[in-house]
Amino acid sequence: MASVARGWHRPVRWQALLWVAGGLVVVWVLLVAGAIWYLYGHWESRVHLQRQALLLRLPAGTVAQAEIRAPIATRLTAHPTLMVPLHQTVRAQVSDQFLARLTTSTTVNIDTKVRVQHQVPVHTTLEARVDLGRWLPTLDVTVPVSLVVPVDMVVPIKTSLPVSLDVLASGQFNASLSLPLNQVLRLQPVVDAPLEAQLTRQIRFALDRPLPPVPMQIVEARLSVPFDLTFLRQPSR
């Protein structure tokens, strides 16, 4: 009776080889698929772009935020109409010489009382006839009289006095005047000047209608993207 080989020395059938080879192929495919899935989902690809042309399309309803870091330079040209009310008091210093001529003709009514206190000297001669009796002749006597008579009286004066004046006057006028100023000024200034503004906040906007394609170009960029976005490639020159 012939002995049967055991262990590594026994003969291998071709069906077993096929099963082992098929299992190895399946395991290898699973390992490769798992590695590819892991790389695509977790690893990144580094892409170096130079002079990459882009065409940006923004559909209607796009909501975005813009942040402008550089100052915006423009020019403002306008002709606004301004109504400026003025309600104040202006002090003015006036210093000038003047020459004036005044001509007037009027009537001045005088109604007053004048008190007169005076001493009036009196010098006169008294003539008298003296009868000395029936037997004697009558004598004519002249006697000089000199005395001072005091006068104290109130004299009422009521009259109308016509006055006509023609006066030439000159002088120096130097005074500080307070002039009230109440009016509304209508101004229309011309504004033509460069304007520079710096935006400090982000601007949020939404497009009402789609914009035409905007051509752009990436001069140079180094990107780190997942493997599933590696379809970005440099166009052939």
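Quantities reported herein were computed from a predicted structural model and do not represent experimental measurements.
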Donor-acceptor pairs under 3.5 angstrom involving side-chain atoms of residues 203-218: please list them, not counting sequence neighbours.
none

Next item on the list: Could you tell me the separation between the NE2 atom of His87 and the CD atom of Gln183, rounded to the nearest 0.5 Å?
Entry: 9.5 Å
Note to self: I want to check something: taking the side chain as every heavy atom from C-beta on, are Arg186 and Val184 in contact at a cut-off of under 4.5 Å?
What the structure shows: no
Sequence neighbours excluded and cut-off under 3.5 Å, please list the side-chain donor-acceptor pairs for residues 76-85, or say none.
from	atom 1	to	atom 2	distance (Å)
Thr77	OG1	Asp192	OD1	3.3

Next item on the list: Can you run down the side chain to side chain donor-acceptor pair (under 3.5 Å) pairs that involve residues 53-66, sequence neighbours left out, and say none if there aren't any?
Entry: none
Check: What are the two closest non-hydrogen atoms of Ser178 and Arg91, and how far apart are they?
Finding: OG-NH1, 2.9 Å
Check: Would Leu187 end up clustered with Leu86 when hydrophobic side chains under 4.5 Å apart are linked, directly or stepwise?
Finding: yes
Margin query: Test question: given the 4.5 Å side-chain rule for I, L, V, M, F, W and Y, name all other residues clustered with Val29, or answer none.
Written below: Val25
Notebook entry, point to check: Do Ile110 and Val163 share a hydrophobic cluster, counting only Ile, Leu, Val, Met, Phe, Trp and Tyr and linking them when any side-chain heavy atoms are less than 4.5 Å apart?
Noted result: yes
Note to self: Less than 3.5 Å apart, any donor N or O on the side chain of Gln88 or Asn182 sitting next to an acceptor on the other?
What the structure shows: no
Next item on the list: Quickly, which of Thr107, Asp111, Asn109 forms a side chain to side chain donor-acceptor pair (under 3.5 Å) with Ser160? Name it, please.
Entry: Asn109
Next item on the list: Please examine the side chains of Arg101 and Asp166, heavy atoms only from C-beta on, and report whether any two atoms are closer than 4.5 Å.
Entry: yes
Checklist line | Nonpolar side-chain network containing Leu30, other nodes, edges under 4.5 Å | finding: Val26
Checklist line | same_hphob_cluster(Ile157, Val154) at 4.5 Å side-chain heavy-atom cutoff | finding: no
Margin query: Per the salt bridge (Lys or Arg N to Asp or Glu O under 4.0 Å) rule, what does the pair list look like for residues 150-163, sequence neighbours excluded?
Written below: Arg115-Asp152
